[in-house]
Amino acid sequence: MSKVSIQTLLNRYTQILSEIPDAYFEVECLLAHLLTVDRLFLKKNPDILIEPSVQKTLNQQVLERKAGKPLAYIIGKKAFWTFQLTVTPAVLVPRADTECLVEMILQTLPERLPHPVVDLGTGSGAIALALATERPLWKIIATDLSKDALLVAKKNAHNLSITNIDFYEGSWFEPLKEKGLFSAIVSNPPYIPESDPHLLHPSLQMEPYSALCSGKSGLEAFIKIIEGSKQHLVNNGLLCLEHGHDQSMALSALLKKQGYVNQQQFVDLGNNPRVVTARWCF
Ligand code: GLN
């Protein structure tokens, strides 16, 4: 194998990944990661010749990507909010739409007071970490059922020098016993119905099933969270949930039935209903 230019590699592998919408961008990300440079460097230096050993690794990674492995798992990181998160197959790849949930929480709870806030099912820690950087005074608890996910979230907190999050392992409210009441409970729980054909997509098959699905209807985790939060919120406390694009009516009905008030719906980057907030008053 002889040396080949950056531009030749980018073109060659973009063609191999042609069924992926952002193929050129993704190949740039892979090559930039391998060379420990940024994408701008590649653009500025298209003629630099690349060693066969790098080409070989790039080739392997492109084939993994072609087989459906998410780019974030291959390079081990994903941009979210204002930072880069470490991600492994133990956690859901954080989605840009989840940044809308963070924005809504910050808008709805603007005070820079030492609010106690919990992120249920934190995964990589995306939501908790974004809130912690924006609201350093908040006392945040992040929970997850998965020990391996919590290790990733803790690593991210460490890398970002974030100290106002405590991490606890356990199912939904289990780790919150004797932790007092919260000003806000937030979650992006597993909400894909078990029969949804999207689950057959190779990239979703590589993400943890328990982060995607909680049961047949896709509402199972919401039901638990909406019921359980009533015992853990302060008066006028905020519940803030990300949900599927077609679940807003069902969630609205669930929240109403359980006595929540002041519901607000928000849309994601693709203009789909994606986030609901509601207050619990006693
Ligand atoms: N809270 C994490 C995120 O939004 C994980 C969510 C999940 O695993 N369902 O990325």
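Remember, it's 1-based here, ligands and their atoms both numbered in the order they're listed. The shown structure was predicted, so the numbers you read here are calculated from the model rather than taken from an experiment.
Each of the following atoms of ligand 1 lies closer than 4.0 Å to a heavy atom of L92: 6 (C), 7 (C), 8 (O). Taking every heavy atom of I127 and a limit of under 4.0 angstrom, the matching atoms of ligand 1 come to 1 (N), 4 (O). Close approach of ligand 1 to T98 is summarised as follows: ligand atoms under 4.0 Å from at least one heavy atom of the residue are 4 (O).
Considering L85, T86, T88 as possible partners of K155, the one that fulfils the side chain to side chain contact (heavy atoms under 4.5 Å, CB included) test is T86.
At a cut-off of 3.5 Å, with distance as the only test, no side-chain donor of Q15 or N11 sits close to an acceptor on the other residue. Side-chain N/O atoms of E242 and Y191 include a donor and acceptor closer than 3.5 Å.
One finds the CE atom of M104 at 14.0 Å from the CG atom of L241 (value rounded to the nearest 0.5 Å).
Across the listed options A126, G123, G121, G121 owns the non-hydrogen atom lying nearest to atom 1 (N) of ligand 1.
The residues K78 and E207 are annotated as not salt-bridged, no charged nitrogen and carboxylate oxygen being separated by less than 4.0 angstrom.
For atom 10 (O) of ligand 1, the closest heavy atom belonging to the protein is P94 CA, 3.8 Å.
Between A211 and ligand 1, at least one N/O pair is under 3.5 Å apart. Taking any N or O of N188, backbone or side chain, at least one lies under 3.5 Å from an N or O belonging to ligand 1.
Classified by interplanar angle (parallel below 30°, tilted 30° to 60°, perpendicular above 60°), the ring pair H232/F173 is parallel.
At a 4.0 Å heavy-atom cut-off, ligand 1 touches T122 through the backbone alone.
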